[in-house]
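Below: one structure, written as structure tokens.
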Amino acid sequence: MSAVRVRFAPSPTGYLHVGGARTALFNWLLARKCGGTFILRIEDTDVERSTRESVDAILQGMEWLGLDWDEGPFYQSDNFPLYKEHVRKLLDAGKAYKCYCTAEELDARRELAMKEGRKPKYDGTCRERGDAPEGAPYVVRFRAPQGGEVAFDDLIKGRIAFPAEELDDLIIQRTDGTPTYNFCVVIDDAVMRITTVIRGDDHVNNTPRQIQLYQALGYPVPQFAHVPMILGSDKARLSKRHGATSVIAYRDMGYLPEALMNYLVRLGWSHGDDEIFSREEMIEKFDIGNVGRSASVFNPEKLNWLNAHYIKTGDPERLADLLLPHLSSRGVSTLNGPRLVDVVTTLQERAQTLEEMADRALFYYSAPTSYDEAALAKFDKDHLTAVYTIVAGKLSTAGEASAAGYDQIFKDICTENGWKMPQVGQPVRIALSGGTQAPGIGEIVQALGRDESIRRILAAAAFLSGE
RNA sequence: GUCCCCUUCGUCUAGCCCGGCCCAGGACACCGCCCUUUCACGGCGGCGACACCGGUUCAAAUCCGGUAGGGGACGCCA
């Protein structure tokens with residue numbers, strides 16, 4: 001096991017969204033690549049907004065994608081005493097101080113500063129304050145070192161430097177005694193001995209403050225890698241308005257976890273011209289230094305293509321299992337019908353998602369109750385009747401066959417009767433499925449079974465004569 | 001407003017660090033043709049980009065400077 005220790009630290013205020021999933025993926029990839037440790041930590045210091053349901057939803061999303069963690073999940077809410085202790089330490093060392101300014105005063109000053117074109121940082125009212133108002137509520141602020149600059153070498157973006165003047169005295173403990181985010185991350189990452197912090201680039205501005213905190217606390221500063229954001233089609237931050245953002249929603253829409261993983265890993269990262277990556281390949285080829293510096297737009301079309309690819313090349317048995325819930329939600333039971341694996345096999349090249357596959361599988365489990373009139377109208381009634389009669393007869397005398405075997409039978413029927421394939425295939429397809437968009441007829445007959453196929457052909461013939 | 005970051009086809013990106021092989025390659029989408037038993041799959045081809053302006057150089061997508069545009073942060077949220 002190498003010394004590399006990374007972590008994914010979501011806040012449980014909602015489900016696992018694709019942006020978070022990609023951050024988790026990059027962390028996981030780096031850990032797996034160098035035999036490091038991947039830690040899951042739940043950032044629930046905001047007791048108000050954190051929920052158990054969100055934690056479950058996040059774990060569920062990670063499990064579905066196969067992003068397994070080596071340690072955790074740890075909860076920041078379990079560490080309050082630890083944070084308290086560190087606040088004490090800073091206070092005693094004079095590296096932090098109590099601030100009695102009220103939230104209202106702060107808001108007013110911030111607003112005024114903005115209006116006057118000044119930077120809205122804390123004005124330091126309580127920084128050098130000597131008195132301690134009796135019983136007045138206070139927050140604890142970090143005494144940010146001024147002068148010089150704070151810089152770091154980001155693994156993705158390169159060197160980033162901030163003038164120390166830009167960094168103000170951030171609050172590390174609220175009036176109610178709870179610690180704040182920027183303080184907790186530092187302590188947790190330090191205590192968990194995280195070597196590489198991979199997170200969204202909306203955190204780059206927090207990084208210099210955190211570095212000052214590491215230094216004030218005497219902890220080694222980890223390496224940082226800030227991953228660019230994922231945008232919607234209008235280049236605005238990806239949100240529900242652009243479609244689904246929840247990982248689990250993608251599962252429910254019929255996407256395969258390997259397809260989403262493959263899509264996500266290629267968003268912002270690439271390896272030459274490669275597009276398809278198995279789990280093993282991404283672990284082998286991933287390099288955090290190759291992650292792009294600019295934001296990328298989430299493109300559902302490409303996800304569809306990848307999903308179609310994995311459906312086409314996937315194991316039919318597994319796909320059949322995964323398809324089951326999509327069938328049940330349509331009220332379909334596969335108990336009295338063709339084997340689902342056979343059905344799946346005929347549909348693998350024709351579906352981009354499991355939802356689409358479920359729709360296309362419907363006719364296998366319930367015989368058509370009506371037929372595509374327009375398609376039928378392309379043939380005259382006598383021809384249709386002749387085709388149905390001859391095909392039904394021929395199938396009755398033939399034994400069970402493979403899809404290719406049935407196709408041969410249809411070819412024989414054509415040559416024996418002087419018909420062209422479309423003149424036979426289309427009518428039969430309509431009789432079997434009700435419409436024209438369906439797998440090859442040999443495939444359908446094989447999956448449906450010879451007897452059921454004959455029944456449906458006869459039913460179509462009866463329907464015609466009944467008109 | 002201040003600070004930080006970003007900028008190659010509509011989209012994801014290769015190339016950029018180590019200038020010439022790039023009048024820029026791949027993929028998705030789109031268009032056309034082929035295959036064909038419908039729908040698909042597949043094959044072939046097409047459309048399509050170095051944000052802009054200067055500089056350095058024999059030579060710049062690649063190096064330097066500036067401009068514009070976009071994004072992020074500025075919270076007793078994370």
Side-chain angles (χ1 to χ4, degrees), chain A residues 9-13 43-46 48-50 76 99 101-103 106-107 110 113-121 137-141 154 157-158 160-163 165-168 170-182 184-185 199-208 226 228-229 231 233 235-237 263 266-276 292-306 308 312 347-352 360 372 375 407 410-411 414 420-426 428-430 433 435-443:
Chain A
S11 66
T13 51
E43 312 236 310
D44 58 351
T45 48
D46 185 351
E48 293 290 295
R49 300 197 301 156
S50 300
Q76 288 192 318
C99 169
C101 299
T102 65
L106 259 19
D107 284 345
R110 194 162 25 237
M114 288 263 231
K115 200 157 60 188
E116 293 178 353
R118 305 191 326 266
K119 43 192 126 188
K121 66 182 262 192
Y138 64 87
V139 298
V140 176
R141 280 184 188 274
D154 193 277
K157 298 184 179 261
I160 300 177
F162 292 80
E165 283 62 40
E166 291 300 322
L167 281 14
D168 66 355
L170 73 239
I171 292 170
I172 57 178
Q173 185 179 87
R174 304 185 181 94
T175 311
D176 65 2
T178 57
T180 58
Y181 166 77
N182 278 106
C184 298
V185 252
R199 69 210 330 183
D201 75 357
D202 46 336
H203 285 287
V204 304
N205 293 277
N206 290 328
T207 308
H226 289 99
M229 326 200 316
L231 311 175
S233 49
K235 306 252 183 159
R237 195 182 199 130
Y263 179 71
R266 275 288 288 105
L267 206 53
W269 175 79
S270 61
H271 182 268
D273 288 338
D274 299 349
E275 293 290 349
I276 304 295
R293 302 134 306 266
S294 55
S296 23
V297 174
F298 190 87
N299 181 356
E301 312 264 53
K302 188 149 186 181
L303 208 208
N304 283 341
W305 174 72
L306 279 165
K312 260 179 295 192
L347 264 16
Q348 277 179 284
E349 291 195 333
R350 287 168 243 263
Q352 289 198 309
R360 287 173 175 261
D372 183 332
D407 274 332
F410 282 99
K411 280 174 191 156
C414 283
K420 294 272 192 256
M421 198 57 183
Q423 295 176 278
V424 178
Q426 203 65 329
V428 172
R429 194 181 335 274
I430 294 167
S433 74
T436 61
Q437 297 189 16
I441 45 175
E443 296 178 273

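Because the structure is predicted, anything quoted here is derived from the model rather than measured.
- Nucleotides B:C47 and B:C31 have their C1' atoms positioned 7 Å apart, rounded to a whole Å.
- At a threshold of 4.0 angstrom between heavy atoms, the contacts of A:E275 include nucleobase atoms, whether or not backbone atoms are also involved.
- Going from atom CG of A:N205 over to atom C1' of B:U2 covers 11 Å, rounded to whole Å.
- Using a 4.0 Å heavy-atom criterion, one finds that A:T45 contacts the sugar-phosphate atoms exclusively.
- One interatomic measurement links the two molecules: CD1 of A:I430 to C1' of B:U38, which rounds to 9 Å at whole-angstrom precision.
- Using a 4.0 Å heavy-atom distance criterion, A:G435 is classed as making no nucleic acid contact.
- Side-chain N/O atoms of A:R110 include none lying less than 4.0 angstrom from OP1 or OP2 on B:U2.
- A:K121 has no side-chain polar atom (N or O) that falls below the 4.0 Å cut-off from OP1 or OP2 of B:C3.
- Contact annotation for A:P120: base contact, defined as any heavy-atom pair under 4.0 Å involving a base atom.
- Closest to the side chain of A:E166, from the set B:U2, B:U38, B:G25, is B:U2.
- Shown here, B:C58 forms a base pair with B:G20; the pair counts as Watson-Crick or G-U wobble because both key distances fall under 3.5 Å.
- For A:R174, the side-chain atoms get nearest to B:C77 when compared with the rest of B:C77, B:C39, B:C12.
- Residue contacts for A:A308: at a heavy-atom cut-off of 4.0 Å it reaches no nucleic acid atom on any strand shown.
- A:R199 and A:T207 are linked by a side-chain donor-acceptor pair at a separation below 3.5 angstrom, with hydrogens and angles left out of the test.
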Please tabulate, one pair per line, each protein N/O and nucleotide N/O from nucleotides 44-53 of chain B that are separated by under 3.5 Å, including the distance.
none

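- Checking B:A27, B:A78, B:C76 against the side-chain heavy atoms of A:I171 singles out B:C76 as nearest.
- Between B:C5 and B:U67, the two P atoms lie 15 Å apart (nearest whole Å).
- B:U56 and B:C12 have their P atoms separated by 35 Å, with the value rounded to a whole Å.
- A straight line from CG of A:L303 to P of B:U11 spans 18 Å, rounded to a whole angstrom.
- Side-chain atoms of A:N182 lie closest to B:A78 of the nucleotides B:C6, B:A78, B:U37.
- Here A:P228 lies out of heavy-atom contact (under 4.0 Å) with every strand.
- Taking atom P in both B:G65 and B:C6, one finds a spacing of 13 Å when rounded to whole Å.
- Side chain of A:Q437, nearest nucleotide from B:A78, B:C39, B:C4: B:C39.
- Residue-level contact check: A:H271 touches neither bases nor backbone, having no heavy atom under 4.0 Å from any strand.
- Closest to the side chain of A:I160, from the set B:C5, B:C39, B:C77, is B:C5.
- A distance of about 7 Å separates the C1' atoms of B:A24 and B:C50, rounded to the whole Å.
- Counting non-hydrogen atoms under 4.0 angstrom, A:V139 reaches a base of the nucleic acid.
- When both distances must be under 3.5 Å, the Watson-Crick or G-U wobble mate of B:C74 is B:G1.
- Straight-line distance between the C1' atoms of B:A49 and B:U8: roughly 5 Å, to the nearest whole Å.
- Distance noted for atom P between B:U7 and B:G15: 13 Å (whole Å).
- Using a 4.0 Å heavy-atom criterion, one finds that A:K312 contacts the sugar-phosphate atoms exclusively.
- Across the protein-nucleic acid pair, A:I172 atom CD1 and B:G75 atom P stand 17 Å apart, rounded to whole Å.
- Contact between the side-chain N/O atoms of A:S296 and the OP1/OP2 oxygens of B:U11 is not found at any separation under 4.0 Å.
- Residue A:C101 is in base contact, counting any heavy-atom pair closer than 4.0 Å across all strands shown.
- Note on A:R49: a base of the nucleic acid sits closer than 4.0 angstrom, heavy atoms only.
- Each of B:U37, B:C5, B:U2 was ranked by its minimum atom distance to the side chain of A:K157; first place goes to B:C5.
- Out of B:A73, B:U38, B:C12, the shortest distance to the side chain of A:D202 is found at B:A73.
- Across all strands shown, nothing is found opposite B:C39 as a Watson-Crick or G-U wobble partner with both distances under 3.5 Å.
- In this structure B:C9 sits in no base pair that meets the Watson-Crick or G-U test at under 3.5 Å.
- Nearest nucleotide to the side chain of A:V297, out of B:A78, B:C28, B:U11: B:U11.
- OP1 or OP2 of B:A14 sits under 4.0 Å from a side-chain N or O of A:S270.
- Within the 4.0 angstrom heavy-atom criterion, no nucleotide atom of any strand lies near A:D107.
- B:C74 atom C1' lies 16 Å from atom CD of A:E165, rounded to whole Å.
- Judged by Watson-Crick or G-U wobble contacts below 3.5 Å, the nucleotide B:A49 has no partner.
- Taking the side chain of A:M229 as heavy atoms from C-beta on, and the options B:G26, B:A78, B:G72, the nearest nucleotide is B:G72.
- The P atoms of B:A51 and B:G46 are separated by 25 Å, rounded to the nearest whole Å.
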